[in-house]
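Here is the structure we will look at.
Remember, it's 1-based here, ligands and their atoms both numbered in the order they're listed.
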Amino acid sequence: MANAERVRVRGVSIHRPFIYGNTATVLTPRERDASTSPDHTHRWTVAVRSAASAPDADVVGGADDLSYFIKRVTFKLHDTYTNPSRNIDKPPFELTETGWGEFEIQIRITFVPESGEKAIAFYHHLKLHPWTLSGEPEIPPLDVAMKMGPVHAWQYDEIVFHDPYQNFLTLLTAHPPTPLPKAKKRPVPYHLAHPGSFEAAKGGTPEFNQEMEKEELVRIEEARKAVVAEQNKWHTMLIEKEKEKERLQKEVDALSL
Ligand code: SLL
């Protein structure tokens, strides 16, 4: 590689949106009978994908091939799995398994060598059981869960590269990500906007859209206001109690004279 390409472009940050998460379905009684692990109840797929979905695809995300900047994705499963550390070296960067329990999956993304970037690692909580509203039983029975359709648990994120090498910057700009759809056309890939997966199943496979970011900002702002209001309430309470303490202390002092 020519030396000029190994120059970092200072002051430049470039990002790539991506999603990570899982989809899970309940195994049919027939699938369970045929399985060598009859205690397994679900089939799930964990994946790292582009945020935008391909038109009419029945998967969440994955419109773009990310292998121009991702070399390997390692999914580190629970120790109950044989060879828990699974390397995926070509797209799609995903892994399908069966099992009976939820657990934390460590996801490690290794970038192409010309990036000069360190690998990044984070966790995803493998979700098998449907999102429920508070007050509902935590985990619906399997036959009910099966009727509710696939469970989707996906997180949107952005990988930011600071001061990238010139050659890596050239590579990234040659692969602009497919933009997310502006407006909501399908259900969103988590429970907040559509409590209960029945609705999700009716609306088809969920997808990320640009409105979700604005909606999240509104939620964050509302939460911030609620925290400030709560702080003010307790601060007022504290001052009142301190005054009361002072008053009572004076009474005690007067009595003990
Ligand atoms: C739980 N803490 O108790 C979790 C552990 C483990 C999940 C979940 C099967 C592995 C196999 C499997 O689903 N393990 O049989 O290969 O819920």
So which protein heavy atom does [atom] come closest to, and at what separation?
atom: atom 16 (O) of ligand 1; answer: T80 O, 3.2 Å
atom: atom 9 (C) of ligand 1; answer: W100 NE1, 3.2 Å
atom: atom 2 (N) of ligand 1; answer: E102 O, 4.1 Å

Aromatic ring proximity F93/F75, centre distance under 6.0 Å
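Distance test on ring centres: not under 6.0 Å, no.
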Output field: ring centroids Y20/F122 closer than 6.0 Å
yes
May I ask you to decide whether [X] forms a salt bridge with [Y], counting only side-chain N to carboxylate O separations under 4.0 Å?
X: E211; Y: K182; value: no
X: K76; Y: E104; value: no
X: R43; Y: E31; value: yes

Using a plain distance cutoff, I'd like to know if [X] has any nitrogen or oxygen under 3.5 Å from a nitrogen or oxygen of ligand 1.
X: H78; value: no
X: D39; value: no
X: G101; value: yes
X: Y81; value: yes

Applying ring-ring contact (aromatic ring centres under 6.0 Å, His included) between F103 and each of H125, H124, H78, report the one that passes.
H78
In terms of relative ring orientation, are F208 and Y156 parallel, tilted or perpendicular, with 30° and 60° separating the classes?
tilted
For ligand 1, which atoms have a heavy atom of G99 less than 4.0 angstrom away?
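Heavy-atom distances to G99 below 4.0 Å select 13 (O).
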Can you find a non-hydrogen atom of H40 under 4.0 Å from ligand 1?
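It does; at least one heavy atom falls under 4.0 Å.
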